[in-house]
2 protein chains.
Amino acid sequence: MKDVETTIEKFRQTGLKITPQRISIFNLLKDDREHPSAEDIYKRVLKIHPSISFTTVYKTLQTLRDMDEIRELSINPERVHYDPATDDHIHTFCTVCRNIEDFMPDHSCEYLELASSKINGFHVQSAEVYLTGICEDCSV
Amino acid sequence: MKDVETTIEKFRQTGLKITPQRISIFNLLKDDREHPSAEDIYKRVLKIHPSISFTTVYKTLQTLRDMDEIRELSINPERVHYDPATDDHIHTFCTVCRNIEDFMPDHSCEYLELASSKINGFHVQSAEVYLTGICEDCSV
DNA sequence: TTCTCTGCAAATCGTTTGCAGTAAA
DNA sequence: TTTACTGCAAACGATTTGCAGAGAA
């Protein structure tokens, strides 16, 4: 997601409708660096739209994912998390606090750059690097 | 998993018991390059032990994973797959045929080598590189 | 008006667990 | 004999779906 306006425009161009619920979800996602789960986002949108359903959040996330506006992270075996950041970076998952964090390599990652390219006949649509372990705060 | 004998020895040393069911599971896993799911393994062991339960297969896989004898792959959002290969390699997942395949980089992958090391205070226990897309056979 | 979205309620399904009987050591 | 394993059956919980009414275009 670059910015909410661009996402809205993309929705309109695809014939999708812009609803207050969706705008709120876009806004919440835009500045999020916490890699929220669908449930996380649902709980936060509830404060703005007290009657929104989990289904609406869920379906909007699916749509955003299908449009490549957000990335779906499978690093936590318990649930899916979402990442609105589009730049190349890898993710760490702490098995103690169960937090997902970004890790920016000092030099670009050759694998992350494979997205949209072809290697050995395989057409890469998305590339993920996951590091699982224990974060600094948890390894006292 | 290097070989079944070593795995058996490792089980014995940990006070775990060796059962016919487990030996069959070890043998099936050892030569597998198909990245089977728990269900896949269950179906295959059924031919050898017609009364084995899914629970037994499931718990044995958990144990093998905890002992770092096999890797758990979260590349397919539908279910977990297992990989007995311990060498560094990355995985591709075709969203059409839903097959997982190995991809050996011609030069070593810096991220896969992070396992058991520490970066920015994060103690890496396992490192995975996942490429999702469409395989050669499916992109006709 | 048309077509998509929303919200509810229920289904789905891979995964996980408790427990009693069985078997390895 | 002791301790772990097996198999059953049920629970769990994130995810997914069908549908009727609401709302965007």
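Order of the sequence lines fixes the chain letters, A, B, ..., with proteins taken first and strands second; residue numbering starts at 1 for each chain.
- Contact annotation: B/Arg22 side-chain N/O to D/dT6 OP1/OP2 distance is under 4.0 Å.
- In this structure, B/Phe54 atom CZ and D/dA10 atom P are separated by 17 Å, rounded to whole Å.
- Residue A/Pro20 is in sugar-phosphate contact alone, with no base atom involved, counting any heavy-atom pair closer than 4.0 Å across all strands shown.
- Checking D/dG7, D/dT15, C/dT6 against every side-chain atom of B/Ser53, the shortest atom distance belongs to D/dG7.
- Rounded to an integer number of Å, the gap from CG of A/Leu46 to P of C/dT6 is 14 Å.
- For D/dC5, the base has no donor-acceptor partner in the side chain of B/Lys59 [N/O atoms by modelled type, under 3.5 angstrom].
- Where A/Gly15 and B/Val80 meet DNA chain C, the nucleotide closest to each residue was compared, and A/Gly15 sits on the side nearer the 5' end.
- Taking side-chain N and O atoms only, B/Thr19 has no distance below 4.0 Å to OP1 or OP2 of D/dC5.
- Put simply, the side chain of A/Thr55 and the base of C/dC8 share a donor and an acceptor less than 3.5 Å apart.
- Residue B/Glu39 is classed as having no contact, given no heavy-atom separation below 4.0 Å to the nucleic acid.
- Counting any heavy atom pair closer than 4.0 Å across all strands shown, A/Ser37 reaches no nucleic acid atom.
- C/dG14 atom P lies 15 Å from atom CG of B/Leu61, rounded to whole Å.
- One interatomic measurement links the two molecules: NE2 of B/His49 to P of D/dG7, which rounds to 9 Å at whole-angstrom precision.
- If you take CZ of A/Phe11 and C1' of D/dA25, they are 16 Å apart, rounded to a whole angstrom.
- Ring geometry for A/Tyr42 versus A/Phe54: interplanar angle over 60°, hence perpendicular rather than tilted (30 to 60°).
- Between B/Phe11 and B/Phe26, the ring-plane angle classifies as perpendicular under the 30° and 60° cut-offs.
- A straight line from OH of A/Tyr82 to C1' of D/dT15 spans 9 Å, rounded to a whole angstrom.
- Within the 4.0 Å cut-off from OP1 or OP2 of C/dC13, not a single side-chain nitrogen or oxygen of B/Arg79 is found.
- The A/Thr60 side chain lies nearest to C/dT6 when the options are C/dT6, C/dG7, D/dC8.
- An OP1 or OP2 oxygen of D/dG7 is reached within less than 4.0 angstrom by a side-chain nitrogen or oxygen of B/Gln21.
- Closest approach of B/Met67 to B/Lys10, counting heavy atoms only: O-NZ, 3.1 Å.
- As rounded to whole Å, 16 Å separates atom C1' of D/dA14 from atom CG of A/Leu73.
- Summarising the geometry, the separation between NE2 on A/His81 and C1' on D/dA14 is reported as 11 Å, rounded to the nearest angstrom.
- Mapped onto DNA chain C by nearest heavy atom, A/Lys17 and A/Ser51 fall at different nucleotides, with A/Lys17 at the one closer to the 5' end.
- To the nearest 0.5 Å, the span separating CG on A/Asn27 from CG on A/Asp32 amounts to 12.0 Å.
- A/Asp40 has no carboxylate O lying under 4.0 Å from a charged side-chain N of A/Arg79, or vice versa, which leaves the two without a salt bridge.
- For A/Tyr130 and B/Tyr130, the distance between ring centers is under 6.0 angstrom.
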